[in-house]
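Only one structure is covered here, and it is reproduced in the block below.
Along the sequence shown, the residues carry numbers beginning at 1. Just so it is clear, the values below take in all heavy atoms, side chains as well, and ignore hydrogens, waters and symmetry mates.
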Amino acid sequence: IVASGIVNPAGYNPAPAFNLEVFAGGRETASASGNTDVLVYHGSTDAPTVDVVETAVTGGATIVDDLAYGQFAGYLELPTADYRIEVRDQTGVVTVASYDAPLATLQLDNAALAVIASGFLNPANNSNGPAFGLYVALPSGGALIPLPLSMPSATNDLERIPVNVYPNPATDFVNIELPERTVKSFRVLDIAGKEMGVESQTKDGMITFNTSKLNAGLYILEISGEDFISSAKVSIKR
């Protein structure tokens, strides 16, 4: 059940009435092993009818076509992978925003979840409300998780290498063990894509960083060099 619409129309344009939208066939697990099932809902009152195009895995396949405000797209039964999606207008030409959807990195295989478009494309016409975004509702419950905006990158030709992260979950520190490579960049991001700015040390193929200033939650680790890129996740407990 999604609560959507405007309670008091003053200061909003357009201002569709508040309503509860129900999707009768809700799931908590994927219909096929190894997949992640994603239910999509358009809840942004001033956004146009949109298409959703996936660019990282499928090379530009339209996975949601002509979704209007107040509509569910139904479940997308997707192989669990790290996707990059573009929200486009109905023509499929103009991109509204691009997002990363790291289903594999977040280990969401076999889960069913909902992605809700919310907020305003033009906050100035809508009482300076929150900006347009995509939010994930997990089957386990809890707060909605904002999908991070995707950043342009030139990493397609880089080798992707695995890393060993421990302890995980962590409380005070994290070690990241990787093959002998020269690390050029290391970042810790929260689930919304915000860089945390932690202090780290790199020695003998090991990156160590202190977690004492991080709140409890899930974080994404990004490591890159001249010829490789790697990512992993770590959970911080308090």
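The two atoms that bring Asp82 and Ala104 nearest to each other are OD1-N, 3.0 Å, heavy atoms only. Taking both residues in full, the closest heavy atoms of Ser44 and Gly119 are given as OG-O, 2.7 Å, listed atom of the first, atom of the second, then distance.
Glu21 and Asn19 form a side-chain donor-acceptor contact under 3.5 Å, judged by distance and modelled atom types alone. Judged by distance alone, the side chains of Asn110 and Thr29 never bring a donor and an acceptor atom under 3.5 Å apart. Counted by atom type alone, Glu77 and Ser31 present one or more donor-acceptor pairs between their side chains at under 3.5 Å.
With hydrogens and angles disregarded, no donor-acceptor distance shorter than 3.5 Å links the side chain of Thr36 to the backbone of Leu103. Checking side-chain atoms of Asn35 against main-chain N and O of Asp37 turns up no donor-acceptor pair under 3.5 Å. A donor-acceptor contact shorter than 3.5 Å is absent between the side chain of Asn122 and the backbone of Asp46. In terms of modelled atom types and a separation under 3.5 Å, the side chain of Asp100 and the main chain of Pro148 share no donor-acceptor contact. In this structure a side-chain-to-backbone donor-acceptor pair under 3.5 Å is present from Arg238 to Thr171. Listed for the Thr45 side chain is no donor-acceptor partner under 3.5 Å among the backbone atoms of Gly5. Checking side-chain atoms of Ser200 against main-chain N and O of Thr208 turns up no donor-acceptor pair under 3.5 Å.
Residue pairs meeting the ring-ring contact (aromatic ring centres under 6.0 Å, His included) criterion with at least one member in residues 105-143, sequence neighbours excluded: Tyr12-Phe120. Among pairs with a residue in residues 78-109, none fulfils ring-ring contact (aromatic ring centres under 6.0 Å, His included), at least two apart in sequence or across chains.
Classified by interplanar angle (parallel below 30°, tilted 30° to 60°, perpendicular above 60°), the ring pair Phe186/Phe209 is tilted.
Interatomic distance, NZ of Lys184 versus CG of Asp227, reported as 10.0 Å (0.5 Å rounding).
In this structure, the ring pair (Phe, Tyr, Trp, His ring centres under 6.0 Å) partners of Phe72, at least two apart in sequence or on a different chain, are Phe23, Tyr41.
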